[in-house]
Amino acid sequence: MINKVKGTYDILPEESSRWQNLETTIANVSRLFNFKEIRTPIFEYSELFHRGVGESTDIIKKETYDLTDRADRMLTLRPEGTASIVRSVIENKLYADPNQPLKLYYYGPMFRYERQQKGRYRQFYQFGAEAIGAHSPLVDAEVINFAATFLEALRIKDITLKINSLGDNESKENYRNALINYLKPNVHELCGDCQRRYQENPLRVLDCKVDKNHPVLTEAPKPLDFLTDADRFHFDQVLSALDAIGLEYEIDKSLVRGLDYYTHTVFEIDTDLASLGAQSTLVGGGRYNHLFESLDGPNVPAVGFAFGIERLLLALESIEKEVAAPCIHCFMIALGDDVQESALKIVNELRHGGLICDYDFFNKNLKGKFKQSERLNPIINLIYGTEEMKHNCINVKETKSGVQETVSLDQLYPYILKLIQNQSSGCNGNCSNCDDC
Ligand code: ATP
Ligand code: MG
């Protein structure tokens, strides 16, 4: 038997509706913020990621899936979205769009050769957004607000927004020099990866997962203390915009994020939901003002974020348990051979009215039909036999309360709609609180 590749998973039918719900929320919230979707290929020339993500990052050092095609081209399965988006914006000259900033979002699979754990896979999905073409700190805040609003729409509440600033090139260089001087006598105490990072790109040392609580790192100089006045001003403006929106944040002076291209604002949103275990970062992002140039494009500033979808689904697990929603609206229990076609016709009409319906195609006995209904968990069971067919009516049984009514067929659709509406508003039909009672 051939099994799935290590680090991958199948999304089986009973899981797929959770993905579809998430995908709908992505599209809806993106529309609210007027971000438009962009779709790029899942593989690109390797050079794009080497230059775009950064030679010294963990992603490029250890995690890419590289391949050569039959004409010996060096290709890489995309490990993240931003480099491809920037490539496409340059190639298609989208940066010249009169609507600035250009607001784009993407959704799709990414590939990293990592050790598989809960919330960490080799093929995983990201939803990301990029606002391209504006230096304004209001745009940093807009992007952060977009990420936070998305979590709010998913009802994920136990979150912490962490934010920091690296500043632009001058601030980053000043900080880099201070960090090198500080680490020189201490670096031997840190892990092997950190020793390599120290040589190649000392900022990466702060992103170490092994030594993050080591005193050498906790006591290291922090980027915020090396910001130029202009860069400090930018950061203050971002914070003040977040204050105005009412978004709570925590300044995390050690936050640098795992990619080389960040300048100014970096942020992430973590959750303390137990279902995520160690992989508690739901989204990471930041500003990248020089990536376009390093990919031979014009000088265009940008800011973006990327969510890990699997972690969102894990976070949603605990919330979904609280509200186990019914799976479908109606299940048809048609009793007797001569009513089957007429029952199918009723089901078909309800479906055309937007109601999710299912049916027993195996002509099970009554007990078997109710068993199937239990599994499908409908809001309503429709019970239909020869007597009902003769009198043009049907029995409508609410599964939650067990209340049953006989309803004439021409009133069935509005009757069910009202019932569903009442259920979702918590009305029992006699609450004296809502408009109808
Ligand atoms: P981490 O620190 O968890 O390795 P990262 O810094 O590598 O994350 P980014 O490259 O910024 O992460 O990606 C953004 C988001 O994508 C992460 O916050 C996480 O939710 C998700 N993510 C990253 N790598 C994986 C993976 N291998 N499997 C599942 N989700 C992932
Ligand atoms: Mg990583």
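Indexing begins at 1, ligand by ligand and atom by atom, following the structure's order. Throughout, numbering of the chain's residues begins at 1 and tracks the sequence.
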Nearest neighbour in protein (non-hydrogen) for atom 4 (O) of ligand 1 = Arg120 NH1, 2.9 Å
ask   = How does Leu282 reach ligand 1, by side chain, by backbone, by both or by neither, if only non-hydrogen atoms under 4.0 Å count?
value = backbone
ask   = For the ring pair Tyr125 and Phe127, is the centre-to-centre distance below 6.0 Å?
value = no
key: Test item: side-chain donor near acceptor, Thr271 and Asp158, under 3.5 Å   = no
task = Go through the side-chain N and O atoms of Glu130 and Thr82 and say whether any donor and acceptor fall under 3.5 Å apart.
result = yes
ask   = Centroid-to-centroid, Phe146 to Tyr105, below 6.0 Å?
value = no
ask   = Which protein non-hydrogen atom lies closest to atom 20 (O) of ligand 1, naming both residue and atom, and how far is it?
value = Thr281 O, 3.1 Å
request  = Would you please say whether a donor-acceptor pair under 3.5 Å links the side chains of Tyr107 and Glu23?
outcome  = yes
inquiry  = Are the side chains of Pro79 and Arg112 in contact, using a 4.5 Å heavy-atom criterion?
reply    = yes
inquiry  = Between Asp58 and Arg204 (salt bridge meaning N to carboxylate O under 4.0 Å), is one present in this structure?
reply    = no
request  = Could you tell me which atoms of ligand 1, counted from 1 in the order shown, lie closer than 4.0 angstrom to a heavy atom of Glu114?
outcome  = 24 (N), 25 (C), 26 (C), 27 (N)
query = Which is it for Met110 and ligand 1 at heavy atoms under 4.0 Å: side chain, backbone, both or neither?
reply = neither
ask   = Hey, is Arg257 one of the residues with a heavy atom under 4.0 angstrom from ligand 1?
value = yes
key: Protein residue, atom and distance nearest to atom 2 (O) of ligand 1, heavy-atom basis   = Lys209 NZ, 2.8 Å
message = Heavy atom to atom 22 (N) of ligand 1, shortest distance: which of Phe127, Phe124, Phe305 holds it?
response = Phe124
request  = Write out the residue and atom name of the closest protein heavy atom to atom 15 (C) of ligand 1, then the distance separating them to 0.1 Å.
outcome  = Ala306 O, 3.6 Å
query = Would you say atom 27 (N) of ligand 1 touches the protein, meaning some protein heavy atom is under 4.0 Å from it?
reply = yes
ask   = For Arg287, what residues pass the side-chain hydrogen bond (donor to acceptor under 3.5 Å, both in side chains) criterion, not counting sequence neighbours?
value = Asp140, Asn289
ask   = Given Arg112, Gln126, Glu268, Arg122, which one has a non-hydrogen atom that is nearest to atom 5 (P) of ligand 1?
value = Arg112
query = Without hydrogens or angle criteria, can the side chains of Tyr249 and Asp243 be said to hold a donor-acceptor pair below 3.5 Å?
reply = yes
key: Proximal candidate to atom 29 (C) of ligand 1 [heavy atom criterion; set Ser280, Gly119, Gly284]   = Gly119
ask   = Just distances here: any N/O of Gly308 and N/O of ligand 1 closer than 3.5 Å?
value = yes
